[in-house]
Amino acid sequence: MGSAYFPHTSEDIEAMLGRTGLASLDDLYSDVPQDVLFKGDFSIPEAMSEPEVRRRFDELASANVRLKIFAGAGACDHYSPSVIPAIISRSEYLTSYTPYQAEVSQGTLRYIFEFQTMMAELTGLDCSNASMYDGPTSAAEALMMTVACTRKKRRVLVSSTLLPQVAEVVRTYMKFHGIALDVIPESGYATDAAALERELEAGDVAGVLVPGINRYGIIEDLSGFADAVHSAKALLAVYSDPSSLAVLKSPGEWGADIACGDAQTLGIPLNFGGPYLGFLCCRKEYVRKLPGRIAGETVDADGKRCYVLTLQAREQHIRREKATSNICSNQSLMALYATIYLSLMGPGGLDRVNRLSYGGAHYLYSRLLGTGLFSEASPKPFLKEFVLHTSVPAGKLHQGLVERGYFAALPCGGDLVSFCVTENRTREEIDGLVSAVMEISRDLDRKQC
């Protein structure tokens with residue numbers, strides 16, 4: 001008897017087997033070696049009623065430990081307006097896929113267009129795609145763009161102050177594309193500009209990737225970077241937190257050719273690890289090397305505004321060897337999420353998000369220094385994330401905070417730990433975190449005695 005959840009009846013299966021000349025479904029796997037076939041029983045529970053299923057999932061969900069987030073490292077706990085899930089839950093958004101047929105995809109094409117417009121405005125660049133899997137893959141694609149645009153050069157430079165997970169993905173991409181990668185060292189917790197200029201002297205560099213806000217939370221001063229890179233006939237890419245671009249100098253203002261990063265900070269919940277939303281923007285002259293899809297605005301036969309897919313630079317649409325990437329898009333559902341968030345917040349809302357985050361982060365910074373358990377790592381400016389030296393063992397401090405309900409003090413190597421404060425954190429929560437740090441220190445002192 002066929003399962004109620006499968007469309008094929010016993011008669012359907014018999015007809016299929018008869019057409020293929022097979023005696024049973026097992027014959028479909030006759031070419032698979034027997035030693036790789038699973039022959040045990042699957043650990044699948046018995047059928048449950050709906051109330052039983054709901055209780056079971058509640059039990060599973062209760063195993064998730066919800067902590068107060070004071071960590072960043074590329075994923076921040078920003079406020080997400082409740083109206084966004086309500087809008088994206090509409091069936092036309094949940095079920096939409098690639099908008100190949102413009103006539104029936106105007107809604108999807110419209111929000112892709114709006115997403116591109118907003119990201120171009122934030123980054124100060126001409127064009128944006130929609131979109132990449134996450135920030136690290138967008139960074140890798142940005143560097144591959146620089147190689148494609150400069151043609152004969154096969155070497156790229158990345159700053160050592162990039163987020164570690166970004167650097168790792170970039171390293172993997174470059175290795176398997178045969179692109180040489182060298183690291184620009186840091187000086188004083190920021191990219192060493194003098195070292196960058198020395199590396200550029202060889203004249204074989206296609207592109208340079210540096211962070212706008214680095215792994216230490218420091219806002220990097222990129223003055224002169226674009227001039228140095230362009231003098232070497234290379235391209236400059238900046239890895240950015242798009243939320244911060246409402247108040248900080250944009251990659252375009254720094255003279256960058258490409259901007260990349262993760263748009264998770266535009267209100268997308270952390271969700272225990274995803275989904276994320278990579279973005280990639282560039283100057284107009286490089287748009288044909290931009291991976292992913294680009295929606296454009298035009299008019300129909302009646303002169304009414306409408307939207308179309310303007311560029312689709314992947315192997316489905318053009319000769320494989322001409323494709324820029326095999327990434328067609330991220331789930332455009334996440335691009336829609338960010339678009340609604342930006343529409344709701346507006347410039348004033350984003351400005352307030354950053355000001356609240358800045359105030360909270362600097363309040364926590366001063367409170368932690370006041371405990372006597374921390375010391376300053378760098379006097380350079382930061383927005384919402386920062387690092388400090390700690391006299392409490394970093395690993396024990398982080399674990400102790402987790403046990404007390406705080407995800408904070410991420411170990412950054414040696415005695416360095418990082419903290420991040422967004423507008424979601426209250427003063428009471430910040431004071432509670434400081435009290436927890438003091439308690440951990442006292443407990444460790446008692447154990448040593």
Side-chain angles (χ1 to χ4, degrees), residues 1-64 85 88-105 107-108 130-134 136-137 140-141 168-169 172-173 175-177 269 271-278 291-293 309 312-337:
M1 179 181 293
S3 168
Y5 298 100
F6 298 141
H8 307 299
T9 65
S10 299
E11 291 76 14
D12 292 334
I13 295 172
E14 289 298 325
M16 179 192 71
L17 292 173
R19 183 69 177 269
T20 58
L22 300 175
S24 70
L25 289 176
D26 290 336
D27 291 342
L28 290 169
Y29 304 95
S30 59
D31 293 335
V32 180
Q34 289 296 306
D35 58 347
V36 301
L37 291 175
F38 179 70
K39 299 180 177 64
D41 294 325
F42 292 105
S43 180
I44 299 176
E46 296 296 321
M48 302 179 190
S49 66
E50 182 177 338
E52 290 171 326
V53 171
R54 288 182 178 275
R55 281 194 291 271
R56 176 57 178 154
F57 277 100
D58 286 342
E59 291 170 3
L60 293 172
S62 67
N64 290 327
I88 67 170
S89 295
R90 291 175 61 93
S91 60
E92 60 264 41
Y93 294 136
L94 284 178
T95 59
S96 64
Y97 183 55
T98 302
Y100 290 129
Q101 189 175 354
E103 295 86 345
V104 295
S105 303
T108 300
S131 48
M132 314 305 289
Y133 294 136
D134 54 19
T137 54
E141 296 284 353
E168 284 297 313
V169 171
T172 300
Y173 266 67
K175 176 181 177 180
F176 291 101
H177 282 84
N271 289 326
F272 298 94
Y276 290 97
L277 172 61
R293 64 167 68 102
L309 278 178
Q312 305 167 70
R314 74 178 300 230
E315 74 282 357
Q316 278 188 344
H317 312 106
I318 59 179
R319 292 200 306 277
R320 184 176 296 274
E321 66 273 15
K322 295 291 186 181
T324 58
S325 170
N326 70 340
I327 292 180
C328 174
S329 69
N330 179 46
Q331 305 168 55
S332 63
L333 189 66
M334 291 298 99
L336 172 62
Y337 202 111

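All residue numbers refer to positions in the sequence shown, counting from 1.
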How many angstroms lie between [atom1] in [X] and [atom2] in [Y], if you round to the nearest 0.5 Å?
| X | Y | atom1 | atom2 | answer |
| --- | --- | --- | --- | --- |
| Leu28 | Met16 | CG | CE | 5.0 Å |
| Met132 | Glu141 | CE | CD | 4.0 Å |
| Leu309 | Thr108 | CG | OG1 | 10.0 Å |

Would you indicate whether the side-chain heavy atoms of [Y] and [X] approach each other to under 4.5 Å?
| X | Y | result |
| --- | --- | --- |
| Leu333 | Tyr337 | no |
| Lys39 | Gln34 | yes |
| Ser332 | Tyr93 | no |

Ser30 side chain vs Asp26 backbone, donor-acceptor pair below 3.5 Å: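 Checked: no pair found.
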
For [X] and [Y], work out which heavy atoms get closest and say how close.
| X | Y | result |
| --- | --- | --- |
| Leu277 | Ser131 | CD1-OG, 3.2 Å |
| Met334 | Tyr276 | CG-O, 4.0 Å |
| Glu59 | Ser62 | O-OG, 2.6 Å |
| Val169 | Thr137 | CG1-N, 4.1 Å |

State whether the number of non-hydrogen atoms from other residues, nucleotides or ligands found under 6.0 Å of Phe38 atom CZ is greater than 12.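 Count over threshold, so yes.
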
Phe176, CZ atom: more than 12 neighbouring heavy atoms under 6.0 Å: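 Counting neighbours around CZ of Phe176, 12 or fewer heavy atoms of other residues, nucleotides or ligands fall under 6.0 Å, so no.
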
Salt bridge present between Glu50 and Arg54 (N-O < 4.0 angstrom):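 Salt bridge flag = yes for Arg54 with Glu50.
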
Check whether the side chains of Asp12 and Thr9 place a donor and an acceptor atom closer than 3.5 Å, and report yes or no.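 Thr9 and Asp12 do have a side-chain donor-acceptor pair below 3.5 Å.
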
